[in-house]
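Note that this is a predicted model, so its numbers are computed, not measured. So you know, we letter chains A, B, ... as the sequences are listed, proteins then strands, and number each from 1.
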Number of protein chains: 2
Amino acid sequence: MDRNVFKIDKLPTVRRLPAYLHILRQLARCDEKFVSSAFLAEKLNIEPILVRKDFELTRVAGTPRVGYSISGLIASIEEFLGWGEDLDAILVGVGQLGASILGYRELMDFRLRILAGFDSDPEKVGTAVHGVPVFAVTRLEELLGRLRARLAILTVPSADAQNITDLLVSSGIRGIWNYTSENIVVPADVITQKEDLASGLAVLCVKMSRNMPSPL
Amino acid sequence: MDRNVFKIDKLPTVRRLPAYLHILRQLARCDEKFVSSAFLAEKLNIEPILVRKDFELTRVAGTPRVGYSISGLIASIEEFLGWGEDLDAILVGVGQLGASILGYRELMDFRLRILAGFDSDPEKVGTAVHGVPVFAVTRLEELLGRLRARLAILTVPSADAQNITDLLVSSGIRGIWNYTSENIVVPADVITQKEDLASGLAVLCVKMSRNMPSPL
């Protein structure tokens, strides 16, 4: 695939890929070999045509009356997302949100490995949260040099977001998954993804006010 | 606005509206009157043309060299989202994720009022989490009759998701914000919005692998 032609208007498709992957893996565990776009559409509560369009991005073709190869789709989606191998990450800010991410099992399914948590609270340092060891945030630079994670999950209070970001960037982090409400500033070669819980609420409210069904 | 022409491909715009609202309110608090699409684009790290297209949906027009009226945009976005008045909700499942949502201040900015939490853990029942009282899940039907919330936030273990959903629906809930990994089944007149943390991770990974900048 020519990676340069990837367009931003494909991002809704990208957002749906993990949900497909989740269902496809369930089917694979039950020894299913093929799946129809209609089946997946019903599961995700979207139109079958949208499923077929989404899968064009993965370059897997379905066969009429047989459907899509489940193992083919899984491999193709994993390759597209770069999730075929473990994705090493750290998490900074082990508060309630940080802890709930450490315990979010579905993320582990996608080969996300959170190697370490960091927090400034001495009560948390030295403990393990959902099996992930928590270190003092003052050791961030030192430990990042050793851990070689490229991805950081940022769940600190908003007031600390930019300071911690600067430290992460100078320590070699190349992607920041930002759960704070700050619009953090990073160099051009660092990628950020801002999560905003209010986004989902906005979509829900618009759908409720227009009485639309449930697609993403 | 003709609500029926609202199309699903506008949902990426809807997802960005809370972020605009957040910035616009900050500006309004600083007594700013006008804002340019270039300013907002830089804040959100997207192209100015995308900001202008997003605002077409709100039917607010900018004035060349003056910009958009901040109060006009705020009112229009709030009206579009139905966020001009309080949005009453309940939350079921006061675990780490549920508790972190109860403490997520930005959601309160958007007039979301979580009136009550419900949990099956007797240790939690009778307490308040971030100021929200927690009741036994067995009292869901009884209390929903009194609270008249139309929206429920579902943060229970996945195994309980469908049972609780059925109870919510029969108790009059019309919108479910689903944080479980289950694809819950609801009647046609109930709206669901499934949140999947892996969606954001997918977008981040695709952007990292293609070295794209940071737009949503």
Could you tell me which portion of B:Leu87 (side chain, backbone, both or neither) has an atom closer than 4.5 angstrom to a non-hydrogen atom of chain A? side chain

Distance in Å, B:Asn45 CG paired with A:Thr192 OG1, rounded so as to fall on 0.5 Å steps: 6.0 Å

Compare every heavy atom of A:Arg174 with every heavy atom of B:Met208, then report the nearest pair and how far apart it is. CE-C, 3.9 Å

How close do B:Tyr104 and A:Tyr179 get, heavy atom to heavy atom, and via which atoms? OH-O, 4.2 Å

Nearest-0.5 Å distance, OG of residue B:Ser100 to CD of residue A:Gln96: 6.5 Å

For B:Glu42, does the CD atom sit with more than 12 other heavy atoms under 6.0 Å from it, leaving out its own atoms? no

Given heavy-atom pairs under 4.5 angstrom as the criterion, report whether the side chain, backbone, both or neither of A:Leu112 touches chain B. side chain

Is there a side-chain contact between B:Leu197 and A:Phe110 (heavy atoms, below 4.5 Å)? no

Interface residue of largest heavy-atom contact number with chain B, from A:Asp196, A:Leu204, A:Ile176, under 4.5 Å: A:Leu204

How far apart are the closest heavy atoms of B:Pro18 and A:Ala198, and which atoms are they? CG-O, 3.4 Å

Most heavy-atom pairs under 4.5 Å with chain B, out of A:Ser158, A:Ala99, A:Gly82, A:Gly98, belong to A:Ala99

Is any side-chain heavy atom of A:Leu81 closer than 4.5 Å to a side-chain heavy atom of B:Leu201? no

For A:Leu17, is it the side chain, the backbone, both, or neither that has a heavy atom closer than 4.5 Å to a heavy atom of chain B? neither

A:Gln193 and B:Val203 have their tightest heavy-atom pair at OE1-CG1, 3.3 Å

Nearest atoms (heavy-atom pairs only) where A:Cys205 meets B:Trp83: SG-NE1, 3.0 Å

Can you tell me how far apart NZ (A:Lys207) and CG (B:Leu11) are? Round to the nearest 0.5 Å. 7.0 Å

